[in-house]
Participant: 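Just dropping this structure here.
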There are 2 protein chains.
Amino acid sequence: MEFSLIDRIRERTAQGRDDVRLGIGDDAALLTVPAGQELAVAIDTLVEGVHFPIGTASADIGWKALAVNLSDLAAMGATPAWALLALSLPKAEPAFIDELATGFAQLARAYRLALVGGDTTRGALTLSVAVHGFVPPGKALLRAGAQVGDVVFVTGTLGDAAAGLALLQRGGNADARSAYLIERLNRPTPRVAAGLALRGHAHACIDVSDGLLADLGHICTSSQVAAEIEVSLLPRSSALLDLFDDATSRQFALSGGDDYELCFTVPAQHVADVQADLARLGCGATRIGRIVEGSGVRVRDADGQWLEPEHRGWDHFGV
Amino acid sequence: MEFSLIDRIRERTAQGRDDVRLGIGDDAALLTVPAGQELAVAIDTLVEGVHFPIGTASADIGWKALAVNLSDLAAMGATPAWALLALSLPKAEPAFIDELATGFAQLARAYRLALVGGDTTRGALTLSVAVHGFVPPGKALLRAGAQVGDVVFVTGTLGDAAAGLALLQRGGNADARSAYLIERLNRPTPRVAAGLALRGHAHACIDVSDGLLADLGHICTSSQVAAEIEVSLLPRSSALLDLFDDATSRQFALSGGDDYELCFTVPAQHVADVQADLARLGCGATRIGRIVEGSGVRVRDADGQWLEPEHRGWDHFGV
């Protein structure tokens, strides 16, 4: 079983990286990190029914398992290089495995990422991916660099993935706006190019996996500062605004998880550069608030009133 | 949930490695590979009921999850450095998590290995560990270097883990010999020092995880050679020989899995050096056969007859 999945992915992904001295097929891979680069390493697991709904297409599962990990590299400003995949699945269905390999490889190819190791075991459907990327020493984007006076930004739009999940839970819809939101849940786009563009500009960065309030809260805790954000500034897609009422879409944007956008802070003198750079990359970046003294994240509505959000984070399907 | 397990392991393992620029707590760890070293990377998963029996003590589970991965580094001749741990478990029981962290950390400390990333999710009990080690360029032990005329060796003793599993399945025994064999199943010793000592001596090396015949078969396939081994030479522990009849213990030694000894081939002129080096390390190494032209593994009994083994490998609990 092991070799069919791993080989299927390998044959569809980068073969010609000269930093892979020995790929899959021995007890370990042998790799070389480019001289003068640090290695960024992260691992994340997706469990069926916890991190993706039962019934998710296997190609989407393969894509998402890699995407959430590339998002961690993006949040560090690292260039993706290699991945390891540990898959448990209840039984070896060739079509399921083939589609999963296809989804994983589609995203991997976009970054010339090589799969350098894997393990397939029998068990409940679970994917753990470890990713490795490169970053010049001292250039990584950390959570712990936000400073009072920084402007808080977020890439893309927020709340789409939570909306997609809500649509799936109520039975789905066939229209284009629903499809867009569900695609945002199932096929998140890791903001790798944005992360690279932010090196040298952003003081702090994190990816929005658990919801804006929770993840911006991590920046505040690590940086020993507070953040004030304006709910009227939160970037929401037209699909989200069309299909959900204002209060619901606002809640999704504040606390929904799985968007995998980047939230980052920038000193005032770099704001124009950052906005121009990210606009060129296509995802854009929206200014949503600022860093102040204190602790925690405060949210102000359009009338200038402080809100007490009902939910401060997102707990994967309520588990 | 995530931080309690990962933090418990971290606080019990190596803190002072200067190749860990940024440890757990951000989106990724930042690491530096020593100049002039290649990075060896592997990942392996343990699933409850597949790779360890239901009811295994959680400290043993933590130990074994790391041990099977360090065994992969040992088989490459790599020096362990860092690990990532992805754990799924059905519910967060503090005592279970604490013991699991203890078992993992006990083994990690022996190698000054740092835990640099982790992820804890809810799901069936599953542990994926990714390990990273260093090896000088060109010095790694591969499967694909065996040459006709090489002597085939194995470290330690074979068949103990399969015997331990058989004892557990029949309800266990309280005597010291049973305890020894069950310990060999639950707390395998990765042969890291032996792997390092074999650099520059062994032509090919693999760890015995799926059984001698299967794993030596991988060396033969990769090296395009055959192996002939003498069943009378297979190293068997006195506990194994005392508690099982000759045919059973032989079968365990040929086809039992989970021993995590190293099987390797050595040219004639290095045999004396290798035996002396491994004897000094305490695990010893036993000459069990030789590499010849052809393909596959052939087994000869004490009378010089060729055997047709009933099982050519070991399929984790028959799953």
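Lettering of chains follows the sequences in order, A, B, ..., and the numbering in each one begins at 1.
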Participant: Keeping the roles fixed (side chain from A:Asp119, backbone from B:Thr45), state whether a donor-acceptor pair exists under 3.5 Å.
Facilitator: yes
Participant: Among A:Gly117, A:Gly123, A:Ala40, which residue forms the greatest number of heavy-atom pairs with chain B at distances under 4.5 Å?
Facilitator: A:Ala40
Participant: Quick check for you: among B:Ser88, B:Ala86, B:Ala29, which has the greatest number of heavy-atom pairs under 4.5 Å with chain A?
Facilitator: B:Ala29
Participant: Walk me through whether B:Val50 and A:Thr121 qualify under side chain to side chain contact (heavy atoms under 4.5 Å, CB included).
Facilitator: CA-CA 8 Å; B:Val50 180; A:Thr121 55; 5.6 Å; no
Participant: Counting heavy-atom pairs under 4.5 Å to chain B, which of A:Ala35, A:Ser71, A:Ala74, A:Ala42 comes out on top?
Facilitator: A:Ala42
Participant: Using non-hydrogen atoms only, which part of A:Leu46 is less than 4.5 Å away from chain B: side chain, backbone, both, or neither?
Facilitator: neither
Participant: Heavy atoms only, distances under 4.5 angstrom: which of A:Thr32, A:Leu142, A:Val33 has the most pairs with chain B? Name it, please.
Facilitator: A:Leu142
Participant: Name the option with the most non-hydrogen atom pairs under 4.5 Å to chain A; the candidates are B:Ala78, B:Ala130, B:Ser128.
Facilitator: B:Ser128
Participant: Which one, B:Val116, B:Leu85, B:Thr126, B:Asp207, leads in non-hydrogen pairs under 4.5 Å with chain A?
Facilitator: B:Asp207
Participant: How far does CG of B:Leu84 sit from CG of A:Leu84, to the nearest 0.5 angstrom?
Facilitator: 8.0 Å
Participant: If you round to the nearest 0.5 Å, how far is CG of B:Leu22 from CD of A:Glu38?
Facilitator: 9.0 Å
Participant: Start with the C-alpha distance between B:Leu141 and A:Asp27, add both sets of side-chain angles, then the distance that settles side chain to side chain contact (heavy atoms under 4.5 Å, CB included), and finish with yes or no.
Facilitator: CA-CA 9 Å; B:Leu141 304 172; A:Asp27 293 299; over 6 Å; no
Participant: Measure from the side-chain N and O atoms of B:Asp72 to the backbone N and O of A:Ala28, and report whether any donor-acceptor pair falls under 3.5 Å.
Facilitator: no
Participant: Taking the side chain as every heavy atom from C-beta outward, state whether B:Arg122 and A:Val47 have any atom pair closer than 4.5 Å.
Facilitator: no
Participant: Checking heavy atoms, do the side chain of B:Val131, its backbone, both or neither come under 4.5 Å from chain A?
Facilitator: neither
Participant: Quick one: which of B:Leu87, B:Val41, B:Val135 has the most heavy-atom pairs under 4.5 Å with chain A, could you say?
Facilitator: B:Val41
Participant: Heavy-atom pairs under 4.5 Å with chain A - which of B:Ile43, B:Asp26, B:Asp19 has more of them than the others?
Facilitator: B:Asp26
